[in-house]
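Have a look at the structure below before the remarks.
Letters go in sequence order (proteins before strands), and every chain restarts at 1.
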Amino acid sequence: MSRIEVAVAAPLFQTLSYSFDSDKDGDPVGRRVLVRLGPQKVTGYVLGLLPDEDVSFRILPVLRFLDDRDKPLFPENLVPFFKWIADYYHYPIGEVVKTALPGGLTLRNRKVLQVMPDVEKNTIRWPDPNIAAPDWFSSLLAGKELSAAVTKKILIETQFSKAIDELKQKKLIRIVDVLDKVKTSEKLELCYRKTTTIELPQLGEAEQETAVAKGADQLLVNGEKLSIPMIRTLVNLTALAREQGVDSVAAKDLRRMYSGASRALKELEKQGLVCSEERRIYRNPFGEILTHFPKPESLSEEQTQVLSEILPALQQQTFTPFLLHGVTGCGKTEVYLRAAEETLTLGRDVLVLVPEIALATQLEAHFVSRFGDQVVLLHSGLSPGERYDQWSLAASGRAKIVIGARSAVFAPLSNPGLIVVDEEHDGAYKQEDGLRYQGRDLAILRGRYNKAVVILGSGTPTVTSFASAMKGKFTLLSMRKRVENRPLPTVQIVDLRDKKEKNYQEAIGKKLHKELGLNLEQGKQSILLLNRRGFSSVYLCSDCGEPVKCLHCHVSLTYHKRRAKLVCHYCGYTLKDKVICGACQSTKLTPVGYGTERIEMEIQERFPEARVARIDSDTAADRRAFLALLKKMHQREIDILIGTQMIAKGHDFPHVTLVGVIWADGGLSMPDYRGAERTYQLLSQVTGRAGRGDSPGRVIVQTLRPEHYAIQFARVHDYERLYQKEMENRANPKFPPFLRMINLKISGGNEGQVQSTAAQVAALCRTGKHAGIEILGPAPSPVDRIRDRYRWQVLLKGADSPLLHGICGRVLGRYSSLVKGDIRIAIDVDPESMM
DNA sequence: AGCACGCCGACT
DNA sequence: GTCGGCGTGCTC
Ligand SMILES: [Zn+2]
Ligand SMILES: [Zn+2]
């Protein structure tokens, strides 16, 4: 028996030791095991081998392996990566691995309540006279199985415990442990292989029919009695195998050729002429046939220049991070593709991260065009089965290129030599629940562990990344020219404070209206951006001025006119739009503020003849409808497209010549030190959507703060000055990149308890070493109640990273004494949103 | 997390 | 008296 280090799927900060039979089970690393953990059975992930030294605890053998020999779920190179993440994000190691793996692969035992096998059901009475027999008891007697989830609920209800104990003692019912059934696994397909060498007569259909007509239901071929269906199937099998260049052929293909194949195959198998086998098939997530992008003959001067730095770094096979600063349409994609080509030539793998795969289909299409089935996809849009298959293709080394969203940074590639993070500034790289990791940062880390080249690409890099480039931590590569020398659009700022410009209660100013009308006349497409969905952001009482709030969250409800509903964007709570004011019972409520839905309606009133469409997370929930809309946009069947930041990302609309930003400063009033940066990024991205060679683009930016530098620098497309200004601002008072932050988030159902726990957390931070660390709070979070949970926070700021993490460790060390009832403490390292 | 063990309040 | 509440601690 050999000893292994296992991370179990439980919130433990340490790994545990188990033993296994190395002769029988082979290499254990990267495979799942089922292990005992106290009185339960849980999934563990094997991280490595351990020396046989004396220990103070007993070492249990693993119950069994959940992954086959030689089919590890993840390569060994991910192990130090996982450990670093667990440490840095203060997250249990097993949960880190669980987050990294595709879902549905973590099994554990659960309790199920059932009637004792040989007990006659109708003889059982509900034993507790004080309460009526509950529904679950009746369905149990009716012969239904209770699920583990239902059992859990029943066992939590203390009112039933007496009756259950009694029934258990009388041996009428029992509670058994069942293991989760496997949710995601390999998909197998039945195949047949010819095992006979007999030569088949070249029997055409006509001849077969003649034979049947003559009454011959069987023919003798080389001493074997074969029916016509058997011959036909055997002929088809031989032909298909030759055609596909394989030995065994899928039964379903044979059935498609001849419906009698199933029965014939069974007969053939019985006579030993064919044998059946299961073959693994890989579910294919590439839904639509993607556009083919041919490889360009030549590269631009800038592409050549940039590649002359990247390719040698790839050949050196050392960790080299690049920041590729290239405006929209500068031809970054071709740089990624050439770098990927070189990486494959060197026998290494490629990992490409994109913000949200649904919107990055063009990058996907480019990679598939160039590299075919060496590419796999990993993103949330896949079914669990597809995701598992794509994962296994990478894990087994059959796929060399992984393209995916944030979590693809954990892709099981054994030797990544190139990691690309496209649109590195995108907020989607930060996971905002559970393991709150930053995909971009982890990409850099993985590059370091795997001695890979990392390319962070963006037209508007995060200030932090650009600062790293300035400090020399990243090599800065710049691409300033748009391909085909498309000019940058002209940007005009419109001051919304000017009463002559815009009427009260309207969103579109005179200037924007005029330009939209002009574009419409000329049959050109326009885009309108407003980063808020719904009709209005608040629904105000005209009598007392109070907004309608969510019952479960401390936020105003958003009015959705088409659905005639008031909706909470945090928890989904909805009200009909016929409400009375909760404060004064008034019925006079009016929508105030703007959302995309309201813009859509205003546009329809202003331009009744225009073909208008809207893209936001309400309308894009259905990926197929979303893709259909994009297609309509490409085919110029839409004149004006209205949307949230979604329209600014990823997708190129070649015929758009006008972009209108309804309210550019919306993000500047948020409690976020990156407000200016984000505003610039959004404006810059949406600006990049306007114009093509022959028809230059115009951008109208409406704002209440026309003088703000983020808006002014966006007008002149000057990233460097934005960067400098931001660095000045963040130097005093200090914000990242001049220091680091960790947010300790305390939440729970009882406001007083949350507040006092938050106070204890803050006190704990302040006791002990904290020199040079600013400890802010405890304070209520900006949204201090979501889903009936109160939320407080303690924010740590400081340049001394080890000390910051030390303070977190101190809090975590007291975790069990701090956390009572439903209180939770979440640690958000490098927070991006304080909400 | 999930489970066992252990120590105090309010029932028979 | 004990039944059951949940605070505390542990899991290789
Ligand atoms: Zn009111
Ligand atoms: Zn809500």
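- Closest approach to the A:Lys820 side chain among B:dA1, C:dT8, C:dC12 is made by C:dT8 (side chain taken as heavy atoms from C-beta onward).
- Counting any heavy atom pair closer than 4.0 Å across all strands shown, A:Phe57 reaches a base atom.
- In this structure, A:Gln40 and A:Asn109 approach most closely via the heavy-atom pair CB-OD1, 3.4 Å.
- Distance CG (A:Leu12) to P (C:dC10): 12 Å, rounded to an integer number of Å.
- Here the rule is side chain to side chain contact (heavy atoms under 4.5 Å, CB included) with A:Asp67, and of A:Val33, A:Val46, A:Leu73 only A:Leu73 fits it.
- Per the geometry, CG belonging to A:Leu435 stands 15 Å off P belonging to B:dA1, to the nearest Å.
- Atom OH in A:Tyr45 sits about 17 Å away from atom C1' in C:dC12, given to the nearest Å.
- Nucleotide C:dG9 holds its C1' atom 15 Å from the CG atom of A:Leu818, rounded to whole Å.
- Of the N and O atoms on the side chains of A:Thr462 and A:Glu424, at least one donor lies less than 3.5 Å from an acceptor on the other residue.
- Spacing between atom CZ of A:Phe13 and atom P of C:dG9 amounts to 16 Å, rounded to whole angstrom units.
- Set against B:dG2, C:dC12, B:dC3, the side chain of A:Lys111 has B:dC3 as its closest nucleotide.
- The interatomic distance linking A:Tyr815 (OH) with C:dG7 (P) rounds to 15 Å, in whole Å.
- Checked against the 6.0 Å centroid criterion, the rings of A:Tyr91 and A:Phe82 do not qualify as a close aromatic pair.
- Using a 4.5 Å cut-off on side-chain heavy atoms (C-beta onward), A:Leu351 and A:Arg446 make contact.
- A distance of 6.0 Å or more separates the ring centres of A:Trp84 and A:Tyr449.
- Considering only side-chain atoms of A:Ile59, the nucleotide from B:dG2, C:dC12, B:dA1 that sits closest is C:dC12.
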Dump the pairs, protein N or O against N or O of nucleotides 2-4 of chain C, anything under 3.5 Å, distances to one decimal.
none

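- In this pair, A:Tyr573 and A:His552 present their aromatic rings perpendicular. The plane angle is above 60°, beyond the 30 to 60° band.
- A side-chain donor from one of A:Gln793 and A:Asn743 sits under 3.5 Å from a side-chain acceptor of the other.
- For DNA chain C, the neighbouring residues in residues 30-37 of chain A, judged by any heavy atom under 4.0 Å, are A:Arg36, A:Leu37.
- Across all strands, A:Pro11 comes closer than 4.0 Å to base atoms (heavy-atom distances).
- Screening A:Lys187, A:Arg398, A:Arg280 for a salt bridge (Lys or Arg N to Asp or Glu O under 4.0 Å) with A:Asp389, the sole residue that qualifies is A:Arg280.
- Closest approach to the A:Arg58 side chain among B:dA1, B:dC3, C:dC12 is made by C:dC12 (side chain taken as heavy atoms from C-beta onward).
- Checking the phosphate oxygens (OP1, OP2) of B:dG2, a side-chain nitrogen or oxygen of A:Lys152 falls inside 4.0 Å.
- Taking atom CG on A:Asp54 and atom C1' on C:dC12, their separation rounds to 15 Å, with Å as the unit.
- At whole-Å resolution of the value, OH in A:Tyr18 and P in C:dT11 are 10 Å apart.
- Within the structure, ring-ring contact (aromatic ring centres under 6.0 Å, His included) contacts touching residues 19-51 of chain A (residues at least two apart or in different chains) are A:Phe20-A:Phe65.
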